Amino acid sequence: LYGPPGTGKTFNTILRAARIVEPKEIEDKDNNEENYTEEDYKKAQKIFNQYLGDRIEFITFHQNYSYEDFIQGLRPDIENGKNLTFVKKDGLFKRIATRALFEYYKVLKKEEELPDNLEYEKIKELLEKVDYEDLRNIENKNVPKYVIIIDEINRANISRVFGELITLIEDDKRSHGDIPLKTTLPSGDKFIVPSNLYIIGTMNTADKSIALVDIALRRRFEFVAMYPYYDILLDNNECEKLKKINENIIDKKGYDFQIGHSYFMGNESLKDKMNKKVIPLLLEYFMNTETEVRDILKKCGFELVKQNDQEKWPLEVKE
């Protein structure tokens, strides 16, 4: 899901994740978020919270996020308060991928009585003893689906964080794909990405580091645009103001730098929304170029606050 800030990308990952793990609970409405009601979102939030930490994982990428955090790395461990050793520690993606793959194992070994809450290390141990070809005989429709949400996916160094996953996450390279690829991690562990694991990412198009990852991700993901949705705003005056602001932004900087509708939601006055949320973002967009931001505000009918016969800095609008 990609678009300018404030267009509901993160919010809508909840709806999409809930529809994946519980498709019977939330009706498919042409995959268009604008068709869903407030009741649908409440139901989605309930499902999301129910499975978060189990069949749903949520992570926000940042510049220091690494392969060791995401897949697997060595972490220091002090034994008995004396000896320093290093132990393998699986990252978030490897853990959820392992749990998702184990769903095929449970169907394959359905005659065995397995505890409801097996420890992660025990799950790994059982999977190491099974033939992957046997797991491929279990149809995808017979296993639960899992979801990992990566918010702000373009803020991390994608090549560094994903490593061999850039190849392994493709449909045909997964556990039930046409050419499944099982890789050996640096630690020696065997690893394959299961076909019942879905990845949802969000990208802020105002962050131009998106250009560095767009090519690497294009073939692996479907890109769904999310731009300002004006019909959700109840106040007609505020709606028109936002439209005019965005028309001017598009003219000066392009579509990717618009102001999202969520900036105009809430009970604050229009003055507070502008002075505390919108104007600071505009100043950031235009590198604190006062003339550019002032020009947009005046074209949109805002009157600026003056101080000692000069316009106040930082810029503020009147009620």
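The model shown is predicted, which means the values in this text are computed figures rather than measured ones.
- Lys253 meets the side-chain hydrogen bond (donor to acceptor under 3.5 Å, both in side chains) test with no other residue; sequence neighbours excluded.
- Within 6.0 Å of atom NZ in Lys312, more than 12 heavy atoms from other residues, nucleotides or ligands are found, so the atom counts as buried in its surroundings.
- Residues that satisfy the ring-ring contact (aromatic ring centres under 6.0 Å, His included) test with Phe93, not counting sequence neighbours, are Phe70.
- Counting heavy atoms from C-beta outward, Leu168 and Arg174 have side chains that stay 4.5 Å or more apart.
- Across Pro144 and Asn196, no two heavy atoms sit closer than the pair O-ND2, 3.0 Å.
- Enclosure of atom CG in Leu234 is not indicated, since only 12 or fewer non-hydrogen atoms of other residues, nucleotides or ligands lie within 6.0 angstrom.
- For the pair Phe162/Thr167, no side-chain contact is recorded, criterion being any heavy-atom separation below 4.5 Å from C-beta on.
- In this structure, a donor-acceptor pair under 3.5 Å is present between the side chains of Asn246 and Tyr230.
- With contacts defined as side-chain heavy-atom distances shorter than 4.5 Å, the pair Glu319/Ser269 qualifies.
- With respect to the salt-bridge test (charged N to carboxylate O, under 4.0 angstrom), the residues Glu125 and Lys129 qualify.
- Of all non-hydrogen atoms in Tyr263 and Val278, the two that sit nearest each other are CB-CG2, 4.4 Å.
- Qualifying salt bridge (Lys or Arg N to Asp or Glu O under 4.0 Å) partners for Glu128, counting only residues two or more places apart in sequence or in other chains: none.
- Of all non-hydrogen atoms in Ile259 and Pro228, the two that sit nearest each other are O-CG, 3.4 Å.
- Residues forming a side-chain hydrogen bond (donor to acceptor under 3.5 Å, both in side chains) with Lys243 (at least two apart in sequence, or on another chain): none.
- Between Glu240 atom CD and Cys300 atom SG the span is 11.0 Å, to the nearest 0.5 Å.
- With Thr205 contributing its side chain and Gly3 its backbone, the two residues share a donor-acceptor pair below 3.5 Å.
- Checked by atom type, the side-chain pair Lys190/Thr184 shows a donor-acceptor distance below 3.5 Å.
- By the 4.0 Å N-to-carboxylate-O rule, Glu119 lies too far from Lys122 to be salt-bridged with it.
- Put simply, the side chain of Asp235 gets close to the backbone of Asn237: a donor and an acceptor are under 3.5 Å apart.
- Hydrophobic clustering, defined by side-chain heavy atoms of Ile, Leu, Val, Met, Phe, Trp and Tyr closer than 4.5 Å, groups Ile138 together with Leu101, Phe102, Tyr104, Tyr105, Val107, Leu108, Leu114, Leu118, Ile123, Leu126, Leu127, Val130, Tyr132, Leu135, Val143, Ile192.
- The pair Glu303-Lys318 meets the salt-bridge criterion, with a side-chain N (NZ, NE, NH1 or NH2) lying under 4.0 Å from an Asp/Glu carboxylate O.
- Defined by atom type and a distance below 3.5 Å, a donor-acceptor pair is missing between the side-chain atoms of Asn140 and Ser195.
- To the nearest 0.5 Å, atom CZ of residue Arg16 and atom CG of residue Leu1 are 5.0 Å apart.
- Counting only N and O atoms by type, the side chains of Glu152 and Thr60 include no donor and acceptor under 3.5 Å apart.
- For the pair Asn12/Ile14, no side-chain contact is recorded, criterion being any heavy-atom separation below 4.5 Å from C-beta on.
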- [ ] Step by step, work out the side-chain contact (heavy atoms from CB on, under 4.5 Å) result for Asp272 and Leu270.
- [x] CA-CA 5 Å; Asp272 284 344; Leu270 176 59; over 6 Å; no
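- Crowding of Tyr198 atom OH: a count of heavy atoms from other residues, nucleotides or ligands under 6.0 Å not exceeding 12.
- Partners of Phe191 under the ring-ring contact (aromatic ring centres under 6.0 Å, His included) rule, at least two apart in sequence or in another chain, do not exist in this structure.
- Residues satisfying the side-chain hydrogen bond (donor to acceptor under 3.5 Å, both in side chains) test with Glu268, not counting sequence neighbours, are Lys277.
- For residues 64-74, the salt bridge (charged side-chain N to carboxylate O under 4.0 Å, His left out) pairs, not counting sequence neighbours, are Asp69-Arg75.
- In this structure, CD1 in Ile153 is found 11.0 Å from CD1 in Ile200, a value given to the nearest 0.5 Å.
- A donor and an acceptor atom, one from each side chain of Glu27 and Tyr36, are nowhere located under 3.5 Å apart.
- Side chain of Arg220 to backbone of Ile169: no donor-acceptor contact under 3.5 angstrom is found.
- Between Asp151 and Thr13, every side-chain heavy-atom pair lies at or beyond the 4.5 Å cut-off.
- Within the 4.5 Å cutoff, no side-chain heavy atoms of Lys252 are placed close to those of Tyr285.
- You'll find the side chain of Lys43 stays beyond 4.5 Å of the side chain of Glu39, heavy atoms only.
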Name the atoms and distances for all side-chain donor-acceptor pairs under 3.5 Å in residues 44-52, with sequence neighbours left out.
{"residue": "Asn49", "atom": "ND2", "partner": "Gln45", "partner atom": "O", "Å": "3.1"}
{"residue": "Tyr51", "atom": "OH", "partner": "Glu22", "partner atom": "OE2", "Å": "2.5"}

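- Around CG of Asp171, the count of heavy atoms belonging to other residues, nucleotides or ligands within 6.0 Å does not exceed 12.
- In this structure, the separation between OH on Tyr229 and NE2 on His261 is 9.0 Å, given to the nearest 0.5 Å.
- Summarising the local packing, CG of Asp178 is surrounded by 12 or fewer heavy atoms from other residues, nucleotides or ligands at distances under 6.0 Å.
- Counting all heavy atoms, side chain and backbone alike, Gly6 lies closest to Lys9 at N-NZ, 4.4 Å.
- The ring-ring contact (aromatic ring centres under 6.0 Å, His included) check on Tyr41 picks up Phe11, with sequence neighbours excluded.
- The backbone N or O of Tyr2 sits nowhere less than 3.5 Å from a side-chain atom of Asn204 that would complete a donor-acceptor pair.
- By the 4.5 Å heavy-atom criterion applied to side chains, Cys239 and Leu242 are not counted as neighbours.
- In terms of heavy-atom proximity, Glu316 sits nearest to Ile279 at CA-CD1, 4.2 Å.
- Counting non-hydrogen atoms of neighbouring residues, nucleotides and ligands closer than 6.0 angstrom, the NZ atom of Lys306 reaches no more than 12 such neighbours.
- Rounding to the nearest 0.5 Å places CG of Asp189 at 4.5 Å from CD of Gln72.
- No donor-acceptor pair under 3.5 Å is formed between the side chain of Thr289 and the backbone N or O of Glu292.
- Counting all heavy atoms, side chain and backbone alike, Ser175 lies closest to Pro194 at OG-CA, 3.3 Å.
- In this structure, Lys241 satisfies the cation-pi test against Phe302, with its NZ or CZ atom closer than 6.0 Å to the six-membered ring centre and inside 45 degrees of the ring normal.
- Distance check: Ile26 CD1 to Arg19 CZ gives 8.0 Å after rounding to the nearest 0.5 Å.
- In terms of the side-chain hydrogen bond (donor to acceptor under 3.5 Å, both in side chains) criterion, residue partners of Lys94 (sequence neighbours excluded) are, by chain and number, Asp90.
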Open item on the list: Please determine whether side-chain contact (heavy atoms from CB on, under 4.5 Å) holds for the pair Leu297 and Leu304, giving the CA-CA distance in whole Å, both sets of side-chain angles, and the decisive distance to 0.1 Å.
Closed with: CA-CA 8 Å; Leu297 295 173; Leu304 296 173; 3.7 Å; yes
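- Grouped with Tyr120 in a hydrophobic cluster is no other residue, since no side-chain heavy-atom contact under 4.5 Å to another Ile, Leu, Val, Met, Phe, Trp or Tyr is found.
- With 3.5 Å as the limit, one finds a donor-acceptor pair spanning the side chains of Tyr67 and Glu164.
- Around the NZ atom of Lys124, the shell of radius 6.0 Å holds more than 12 heavy atoms that belong to other residues, nucleotides or ligands.
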